[in-house]
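Read the numbers this way: they start at 1 and go in the same order the structure lists the ligands and their atoms.
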Amino acid sequence: MNERVEILGVKVDAVTMTQAVESVEKLIVAKKNSLIATANAEMLLMSTHDGELKTILNAAALVVPDGAGTVWAAHHLGYDMPERVAGFDLVQELMKISPSKGYKFFLFGSAPGIADKAKAKAEELYPGIKIVGTRNGYFTADDEPEIIAQIKTSTPDVLLAALGVPKQEKWLYAHKQELGVPVSIGVGGTFDVMAGVVKRAPLWMQRAKLEWLYRAMLQPSRAGRLIALPKFVWKVINS
Ligand code: UDP
């Protein structure tokens with residue numbers, strides 16, 4: 001069992017990328033419809049006023065520390081948190097080992113065409129990878145039975161859901177029994193980055209813990225979300 005560190009009432013696993021990948025592989029084998037979340041400052045802050053999200057996160061099989069804010073908070077609270085495990089990077093690591101392990105993926109979410117582009121990119125980067133289906137993330141309640149049936153019949157080992165936070169976590173939690181997928185992960189903007197629609201920050205900015213700033217600069221519509229960071233820091237300091 002990994003050590004879990006409590007940040008604003010959410011238990012986050014203190015894992016390295018290597019340990020996170022090992023945990024996911026065990027969950028694939030266990031076939032228990034496990035949920036995995038990638039917790040950044042925004043998600044942790046949201047969970048302080050969204051009890052449903054908090055419950056889902058605390059019931060998840062693995063919550064990785066996605067984001068410099070999460071790692072900072074753990075350290076501030078006096079815990080060990082070895083490194084940041086970004087959701088995007090975790091997906092790449094799993095995809096990289098999948099041709100030899102035979103893991104099958106389903107890509108669900110993002111605007112029409114994006115998951116297909118992400119699939120094509122994955123097939124180029126990781127020859128032999130099995131992506132057994134894609135579906136965009138814009139749907140009504142009436143479409144849900146068909147989406148669930150599509151995912152179920154393609155029998156993926158890993159379902160990647162990119163519907164944004166907290167929609168993806170709530171959707172996966174609500175349908176996990178019906179879906180019967182060994183591992184489901186909420187992956188936010190991962191397909192957009194893989195499809196080349198959104199760029200990740202340059203490495204120097206990631207290392208300087210400034211990826212959040214880069215994202216806000218690139219997508220000004222997100223700038224309003226920046227307020228989450230000082231709010232998060234304030235809440236952690238006063239928790
Ligand atoms: N999205 C979706 N369905 C929705 C709302 C959003 O598929 O109803 C997608 C959106 O197109 C984007 C992703 O969810 O690809 C959310 O990305 P973002 O970077 O905002 O993720 P977050 O920061 O919420 O993790």
Worksheet item: Between E6 and K11, is there a donor-acceptor pair closer than 3.5 Å when you use the side chain of the first and the backbone of the second?
Response: no

Fill in: Donor-acceptor contact present, side-chain E169 to main-chain I56, <3.5 Å
no

Practice prompt. Decide if the gap between the ring center of F108 and the ring center of F139 is smaller than 6.0 angstrom.
Written response: yes

Worksheet item: Thinking salt bridges, do R4 and D13 make one under a 4.0 Å N-O criterion?
Response: yes

Worksheet, complete the sentence: In chain-and-number order, ligand 1 lies under 4.0 Å from a heavy atom of each of G109, S110, A111, G137, Y138, A162, L163, G164, V165, K167, G188, G189, D192, R215, R222, R225

Worksheet item: Any cation-pi pair here, K96 with Y103, using under 6.0 Å and within 45°?
Response: no

Worksheet, complete the sentence: The remaining residues in the hydrophobic cluster of I227, counting side-chain heavy-atom contacts under 4.5 Å among Ile, Leu, Val, Met, Phe, Trp and Tyr, are none

